[in-house]
Amino acid sequence: MKMIVALTVSALLIGCISSPQKAPLPEATAIDTEAARLMKSENVQGMALAVIQDGKIVHVAAYGDRNVARRLPLTTDTVMYGASLTKTAFTYMLLQLVDEGRLDLDASVAELLPRPLPEYDSEDNDYTDLAGDDRWRALTPRILLTHTSGFANFRWLEPDRRLRFHSQPGARYGYSGEGFYILQLILEEGLGLDVGKEMQRRVFDRFGMASSSMTWRPDFASNLADGYGLDGTMELHDERSSVSAAGSMDTSIADQARLWAGIVRGDGLSAASRAELVKPQVQITSAHQFPSLAATFEPNNKEINLAGGLGLVTFQDTSGPAWFKGGHNDWTGNMVICLESGKRCLVMLANDVRAERIYPAISRFVLGDTRMPWTWEYDWLDSPREGQP
């Protein structure tokens, strides 16, 4: 491993911290050594992680390169792609609006928009495909946040690239970025808000996330992570020009540490909204998260009470309630796991999708044995390795 950059809380030995239900965390140097070892085993070019205990950041580190060809090291302030971690950050912002009485989680989209959803026909917000299907009226923010809209993940995955319902809204969990597009539309058209500015003010500024934004900033260019695919091919970091609640956040591991520490503490939310965020809202019965519309069934999900929360997934760990959120594309692998007991979290970002291969092992090393449903999150874990992360 070419370079390790790490930040630790002054005069704090991670190994001295423990929760009543879990063993003490490993020392920072042990975490760094194990991360570097695992990265080498899978040829992971760049990865970063943060450890949170009692709602406080106790370790932040970055390993490897942000660009291999140019020999540029990944640092704790390097700008990386947040991918679908954006969804939870957006949910956190949205719940602040709920606390202010500006949004009702259980109100119909028909009440929240100034005109019927199928009448929106712009290039960015085209819902004319839903004309003649009144099921859109059953959609609510809660249904959209819990991925029970009945839509495919994205309409462009459909054979004809058209939006349609595959199940009654609220009936079953099926991961869908389309639902977050509708939530963004509600905030922009129904409440007249600029989602990018609200995210900046209510989330990024609140938690001191200086290297985070919902759109590209020119100052990112000097310390930017490019991505690496399964075959090691490099992909330049995308300069996203428009806000997407489903996944446009650029960020750094230092910023993500601040975000998730704030979320696990519940900063900026009422106790009621913080509880709603991580409450099991809808049972998940599928064997895997993807394909999102597959009619699979996994009876063991019930043992850990696997469920959709608001913008994240919940489960029952041996230590008590727990939750997680992943973020992924062909060159990015992100994962956050939080245990409510001890307010303990592990945050992992990678500009190399192959890092997902080692996340279960890193999680075991840092958090100990948990009931994290890795084979549900990563369907390839119980499949042949060839062609898989």
Side-chain angles (χ1 to χ4, degrees), residues 7 9 48 50-52 54-58 60 62 75-103 141 145 180 183-188 190-225 237-274 276-278 310-312 325 327 334 336 338 343 345 347 349:
L7 301 176
V9 176
V51 182
I52 296 161
D54 296 323
K56 299 175 182 178
I57 302 165
V58 295
V60 183
T75 72
T76 56
D77 292 319
T78 295
V79 175
M80 306 175 74
Y81 179 39
S84 284
L85 298 187
T86 308
K87 291 180 174 70
T88 312
F90 172 79
T91 301
Y92 207 72
M93 182 272 286
L94 186 148
L95 286 173
Q96 293 176 33
L97 298 172
V98 172
D99 280 340
E100 294 166 12
R102 302 177 67 182
L103 187 68
L145 288 169
F180 280 74
L183 287 163
Q184 183 171 342
L185 181 69
I186 289 170
L187 267 56
E188 292 173 344
L191 297 180
L193 299 176
D194 182 317
V195 169
K197 289 181 179 178
E198 293 299 317
M199 287 292 292
Q200 187 66 47
R201 179 171 69 89
R202 293 175 178 270
V203 180
F204 304 148
D205 290 348
R206 175 185 293 278
F207 296 123
M209 300 169 64
S211 298
S212 296
S213 174
M214 292 292 281
T215 54
W216 172 256
R217 288 183 359 208
D219 61 299
F220 288 167
S222 63
N223 190 6
L224 188 69
H237 190 103
D238 188 8
E239 299 181 8
R240 293 168 182 82
S241 60
S242 60
V243 173
S244 171
S248 68
M249 177 175 64
D250 274 327
T251 191
S252 68
I253 189 61
D255 280 3
Q256 287 298 293
R258 298 180 185 103
L259 172 65
W260 295 95
I263 288 177
V264 80
R265 293 192 304 263
D267 293 358
L269 290 186
S270 68
S273 284
R274 171 59 172 77
E276 282 289 333
L277 178 72
V278 300
L310 299 182
L312 45 76
K325 184 70 187 81
N334 300 332
V336 179
C338 287
K343 292 183 171 57
C345 301
V347 184
L349 305 182

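Looking only at side-chain heavy atoms (C-beta outward), Asp238 and Trp216 stay at 4.5 Å or farther from each other. Side chains of Phe207 and Tyr92 form a contact here, defined as non-hydrogen atoms less than 4.5 Å apart. Contact annotation: the side chain of Val79 never approaches that of Asp219 to less than 4.5 Å [non-hydrogen atoms, C-beta and beyond]. Side-chain atoms of Val51 and Ile57, non-hydrogen and from C-beta on, never get closer than 4.5 Å to each other. Counting heavy atoms from C-beta outward, Leu193 and Leu97 have side chains that approach closer than 4.5 Å. The side-chain heavy atoms of Val203 and Phe90, taken from C-beta on, include no pair separated by under 4.5 Å. Looking only at side-chain heavy atoms (C-beta outward), Gln200 and Met214 stay at 4.5 Å or farther from each other.
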Item to complete: Determine, step by step, whether Leu269 and Gln96 satisfy the side-chain contact (heavy atoms from CB on, under 4.5 Å) criterion, reporting the C-alpha distance in whole Å, the side-chain angles of both residues, the deciding distance to 0.1 Å, and the verdict.
Response: CA-CA 6 Å; Leu269 290 186; Gln96 293 176 33; 3.7 Å; yes
Discussion item. Evaluate Arg217 against Glu239 for salt bridge (Lys or Arg N to Asp or Glu O under 4.0 Å), listing each step before the verdict.
Written reply: CA-CA 8 Å; Arg217 288 183 359 208; Glu239 299 181 8; over 6 Å; no
Discussion item. I'd like to know whether Leu349 forms a side-chain contact (heavy atoms from CB on, under 4.5 Å) with Leu85, so could you lay out the CA-CA distance, the side-chain angles of the two residues, the decisive distance to 0.1 Å, and finally the verdict.
Written reply: CA-CA 10 Å; Leu349 305 182; Leu85 298 187; 3.7 Å; yes
Discussion item. Between Phe204 and Met249, is the side-chain contact (heavy atoms from CB on, under 4.5 Å) condition met? List the steps.
Written reply: CA-CA 10 Å; Phe204 304 148; Met249 177 175 64; 3.8 Å; yes
Worksheet item: What's the verdict on salt bridge (Lys or Arg N to Asp or Glu O under 4.0 Å) for Asp54 and Lys56, showing C-alpha distance, side-chain angles and the deciding distance?
Response: CA-CA 5 Å; Asp54 296 323; Lys56 299 175 182 178; over 6 Å; no
Worksheet entry | Lys325/Ser84 under side-chain contact (heavy atoms from CB on, under 4.5 Å): CA gap, chis, key distance, verdict | CA-CA 8 Å; Lys325 184 70 187 81; Ser84 284; 3.5 Å; yes
Practice prompt. For Ser213 and Asp250, run side-chain hydrogen bond (donor to acceptor under 3.5 Å, both in side chains): C-alpha distance rounded to whole Å, both residues' side-chain angles, the deciding distance at 0.1 Å, then the answer.
Written response: CA-CA 5 Å; Ser213 174; Asp250 274 327; over 6 Å; no
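Donor-acceptor pairing under 3.5 Å is lacking for the side chains of Ser211 and Asp77. Residues Gln184 and Glu188 bring a donor and an acceptor atom of their side chains to less than 3.5 Å of each other.
Rounded to the nearest 0.5 Å, atoms CZ (Arg202) and CG (Leu95) are 11.0 Å apart.
When every heavy atom of Ala225 is checked against every heavy atom of Met80, the shortest pair comes out as CB-CG, 4.0 Å. Scanning all heavy atoms of the two residues, the minimum distance from Asp267 to Arg206 falls at O-CD, 4.5 Å. Considering all non-hydrogen atoms of both residues, Gly196 and Val243 come closest at CA-CG2, 3.8 Å. The shortest non-hydrogen separation linking Ala50 to Ala257 is CB-CB, 3.6 Å. Contact between Val264 and Gly55 at its shortest, heavy atoms only, is CG1-CA, 3.8 Å.
Of the possible donor and acceptor atoms, one in the side chain of Arg274 sits under 3.5 Å from a partner among the backbone N and O of Ile263. In this structure a side-chain-to-backbone donor-acceptor pair under 3.5 Å is present from Asp99 to Ser270. A distance-only check finds a donor-acceptor pair linking the side chain of Thr88 to the backbone of Gly311 [under 3.5 Å].
For Asp255, the side chain to side chain donor-acceptor pair (under 3.5 Å) partners at least two apart in sequence or on another chain are Ser212, Arg258. Thr78 is linked by a side chain to side chain donor-acceptor pair (under 3.5 Å) to Thr75, Asn223, counting only residues two or more places apart in sequence or in another chain. Partners of Asp194 under the side chain to side chain donor-acceptor pair (under 3.5 Å) rule, at least two apart in sequence or in another chain, do not exist in this structure.
Across Leu312, Thr86, Leu277, a single residue satisfies side chain to side chain contact (heavy atoms under 4.5 Å, CB included) together with Thr91, and that is Leu277. Of the residues Asn334, Thr251, Val60, the one that meets the side chain to side chain contact (heavy atoms under 4.5 Å, CB included) test with Gln256 is Thr251. Here the options are Glu198, Arg102, Met93, the test is side chain to side chain contact (heavy atoms under 4.5 Å, CB included), and the partner is Leu187; only Met93 passes.
Classification of the His237-Tyr81 ring pair by plane angle, with boundaries at 30° and 60°, yields perpendicular.
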